[in-house]
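Heavy-atom basis, side chains included; hydrogens, waters and symmetry copies ignored.
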Amino acid sequence: MTIPKKLVLVGNGMAGIRCIEHLLKLAPDAYSITVFGAEPHPNYNRIQLSTVLADGGAGLQDIVLNDWSWYEDNGITLHAGHPVASIDTAMRTVTSDQGVSASYDVLLLATGSRAYLLPVPGADKEGVIGFRDIRDCETMLEASRTYRRAAVIGGGLLGLEAARGLLNLGMDVTVVHNSALLMNRQLDPAASLMLQQELEQQGMKFRLNAQTAEITGRKRASGLKFRDGSRLDADLVVMAVGIVPNAELAAAAGIATRRGVIVGDELATSAPGVYALGECAEHDGIAYGLVAPLYEQGAVLAKHLAGVPTEGYKGSVTSTKLKVSGVDVFSAGDYMGGEGSRSLRWQDEVDGVYKKLVVRGDRLEGAVLFGDTSDGAMLFNLIKSGEPIAGREKELLLGFAPGSGGATAASPLERLAAMPDDEIVCGCNGVSKEAVVQAIVSGGCTSLGAIKACTKASASCGGCKPLVEGLLELTAGDAVVQVKEGICGCTALGREEIVEAISSMGLSGVRETMHVLGWSQPEGCSKCRPALNYYLGMLQPGSHRDEKESRFANERYHANIQKDGTFSVVPRIYGGVTSPAELKHIADVAERFRVPLVKFTGGQRLDLLGVRKEDLPRMWEELGMASGSAYGKALRTVKTCVGDTFCRFGTQDAMGMGIRLEKAYERISTPAKFKMAVSGCPRNCAEATIKDFGVVAIDGGWELHAGGNGGVKVRATDLIGVVRTEEEVMEWSGAFLQYYRETASWGERTAHWVERVGIGSIREALASAEERIALNERLQEALATLEDPWKEIVGDPELRKNFEPLAAAGREQA
């Protein structure tokens, strides 16, 4: 038996993990693989960072490419949250900043890049960030809750995506660009002006031909000062002006670098056994910052490491695709043209469509598309292949049907049918038309989700989704019309079908459910496993065993993981009401465990940040308090004002009502996080009208509100009704909570659920006293099965073992 070689990958990003994916297919047993990742997350799709901002409800779990179980299933040791501090090329070892070492036979450097920050005075102030990772998104989300004005320096691809995200967060956004044209490196003047006009209509502002001289403000940024003396007020400054390869680690190890880590056609560096790929690598003087070239490098390197013949990496022809709030833009090759070239243009300002082709001789050299980018993949393939297009120029520009003599425009399906089999459909993941068709014909992939899971087509930026859907229709015919997208790519079944099947068949476990209902992936994925676990628990509260392995890391460890790999502990403080003795006790415990930061949360609680995982059980034990469920899809907080206990405007006991609600419903699992508030008068100091369920005191009664959200997309609540007594508040709140639990999809916040089902239908469902009683009985049945997780772990030696340092290897570190 051949002993596998030891392969260490430094960098848990898209380029390095894609190479590992290829390698596992080509030589699954050739290497024992260890991965070091600087971020405390599994591999996620950096291209979709803007969707975390723009789509509001999206979170990290929605853009994860390979979840924790993928590493475990493939025998990969993952050290998440462990930046590598040093490489010893003589001893062939790497060591993280936390002292974890690993030896290697083969070392892959995929350390990526970082945002380039302009070297102007004030660039180090609070509120000045780049836009490269989840941490930057979190900073932007946090800033949007407090501040109103944002400036994005950089009018390129990334800058516009960041600006669109901030606009969706409700901020006043100005894009500052040093050119007269947006995306001037990707678009010609006509397309750039059309893009600017479209974005201005959406509310984006621009300062063009502007040179930033200084970021003003004291500790925190307050604005920009330009070289011409003019100013712009801004509380948040996002720099999106370029990237810098992370090559310092390699340079410190004596590996040759210039701008990036220097590699040849086999992606080998100057050190034996060490390879580099992705944004940190420099090949023939070029360090690529787009995902398609990085994936091409990964495929070449995987073949080389697997011993499969390969011509090596010869560089990439790049294309750019942008989709911001419905604006589609594409460019590739030499789109500006010049001496010896000719340009063909077509512009429809009514429909907002612009097309430009640059031709040199009988070859297509470049293209720009605005508004309609459906031909982008086909044109990009022609640019790369150098195929002669003489006589076809108008057909390519206007989309005429072949053989029609320019009289008939080809339909999208006709153009797909004429597309060569080897043409790339998904540029991000290098998926050809033939691969998609084979997945449909031979692999039985009859839905977009199934094709995405099988081939990764449309799994990155999503720009090729229309092409993939067109190939589905073209290849599968009428059958595809009946195929409904399921809760994930593992199944075509939706929420209602799954819940009905669990109830009617008496299914009792996640894996049993997946097996009986014919999951395409036997172990499921990070989207369906937690959803099934929730549905089973909701339907069978008395018999279902909660499957911890189907929960996200925060819920498995009952604490929120932070960017440095430590955790935050949030004890429950009912209604935000505490005592001097309780505060002193919390402070004493925090001091004993050397908690570096204590913060008041927006839900009137204390957040103890920076706790090591192995300290969690002992800390919970010494606190002796209930878990605040700050990490889970459960009731988080019930925020209160002082009500009539102290306030001269108060009409009811808001604190007492809030504490009663929180004690009644703590620990109950819900489809998504659930927040409540009680305001003691219509002045609404507890902000009850932007909570999932809000109670507002009025003279002689209480208003009941639902479906609010104070997060990314602020939504005011809808009024359910008015009741007179506290008992009625409890009856209606419990009924509402259980109705939401039983009818919402897993992961669906009440704000989205209320808009989907309609507040009228919710009022109707709760109108009957008999139905409210039944809903409350089912809720109490679920509550009766729950135990505080902190107390459960403290009292169970076996559960405590999960928090011991020796158990913190691989994915359990996060």
So that I know where these two stand, are [X] and [Y] an aromatic pair - ring centroids less than 6.0 Å apart?
X: Phe693; Y: Phe736; answer: yes
X: Trp746; Y: Tyr535; answer: no
X: Phe803; Y: Trp620; answer: yes

Determine, stepwise, if the pair Glu726 / Arg660 fulfils side chain to side chain contact (heavy atoms under 4.5 Å, CB included). CA-CA 9 Å; Glu726 290 189 6; Arg660 186 175 179 184; 3.6 Å; yes
[Y] and [X] side chains, donor-acceptor separation under 3.5 Å:
X: Asn246; Y: Thr111; value: no
X: Tyr631; Y: Ser627; value: yes
X: Thr93; Y: Asp88; value: no
X: Ser745; Y: Trp753; value: no
X: Lys6; Y: Ser103; value: yes
X: Tyr574; Y: Glu666; value: yes
X: Tyr71; Y: Thr77; value: no

Are any of the side-chain nitrogens in [X] or [Y] under 4.0 Å away from the carboxylate oxygens of its partner?
X: Glu742; Y: Arg778; result: yes
X: Arg18; Y: Glu21; result: yes
X: Glu555; Y: Lys548; result: no
X: Arg145; Y: Glu142; result: yes
X: Arg572; Y: Asp788; result: no
X: Arg92; Y: Asp105; result: no

Evaluate the side chain to side chain contact (heavy atoms under 4.5 Å, CB included) criterion for residues Leu23 and Tyr31: first the C-alpha distance (whole Å), next the side-chain angles of each, then the deciding distance (0.1 Å), finally the verdict. CA-CA 9 Å; Leu23 186 58; Tyr31 293 93; 3.7 Å; yes
To the nearest 0.5 Å, tell me how far Leu536 CG sits from Asp546 CG. 10.0 Å
For the side chain of [X] and the backbone of [Y], is there at least one donor-acceptor N/O pair under 3.5 Å apart?
X: Gln780; Y: Glu777; value: no
X: Thr95; Y: Gly99; value: no
X: Asn533; Y: Arg551; value: no
X: His558; Y: Val569; value: no
X: Arg749; Y: Ala672; value: no
X: Ser579; Y: Glu582; value: yes
X: Gln98; Y: Gly81; value: yes
X: Trp790; Y: Met619; value: no
X: Thr670; Y: Ala634; value: yes
X: Asn776; Y: Glu731; value: yes

Are more than 12 heavy atoms from other residues, nucleotides or ligands located less than 6.0 Å from atom CZ of Arg800? yes
Set out, in order, the CA-CA distance, both residues' side-chain angles and the distance that settles side chain to side chain contact (heavy atoms under 4.5 Å, CB included) for Leu517 and Thr491, then state yes or no. CA-CA 8 Å; Leu517 299 184; Thr491 178; 5.8 Å; no
My understanding is that only one of Leu65, Leu78, Ile20 makes a side chain to side chain contact (heavy atoms under 4.5 Å, CB included) with Asn43; could you say which? Leu65
Given Val10, which partner from the list Leu108, Val35, Leu109 fulfils the side chain to side chain contact (heavy atoms under 4.5 Å, CB included) test? Leu109
Within a strict 4.5 Å, meaning less than it, do heavy atoms of the Trp70 and Ile76 side chains meet? yes
Let's go through Lys791 and Glu621 carefully: what are the C-alpha distance in whole Å and the side-chain angles of both, what is the deciding distance for side chain to side chain contact (heavy atoms under 4.5 Å, CB included) to 0.1 Å, and is it a yes or a no? CA-CA 7 Å; Lys791 183 177 179 181; Glu621 188 172 24; over 6 Å; no
What do the steps show when you test Glu39 against Arg135 for salt bridge (charged side-chain N to carboxylate O under 4.0 Å, His left out), and what is the final call? CA-CA 9 Å; Glu39 295 183 79; Arg135 182 171 52 194; over 6 Å; no
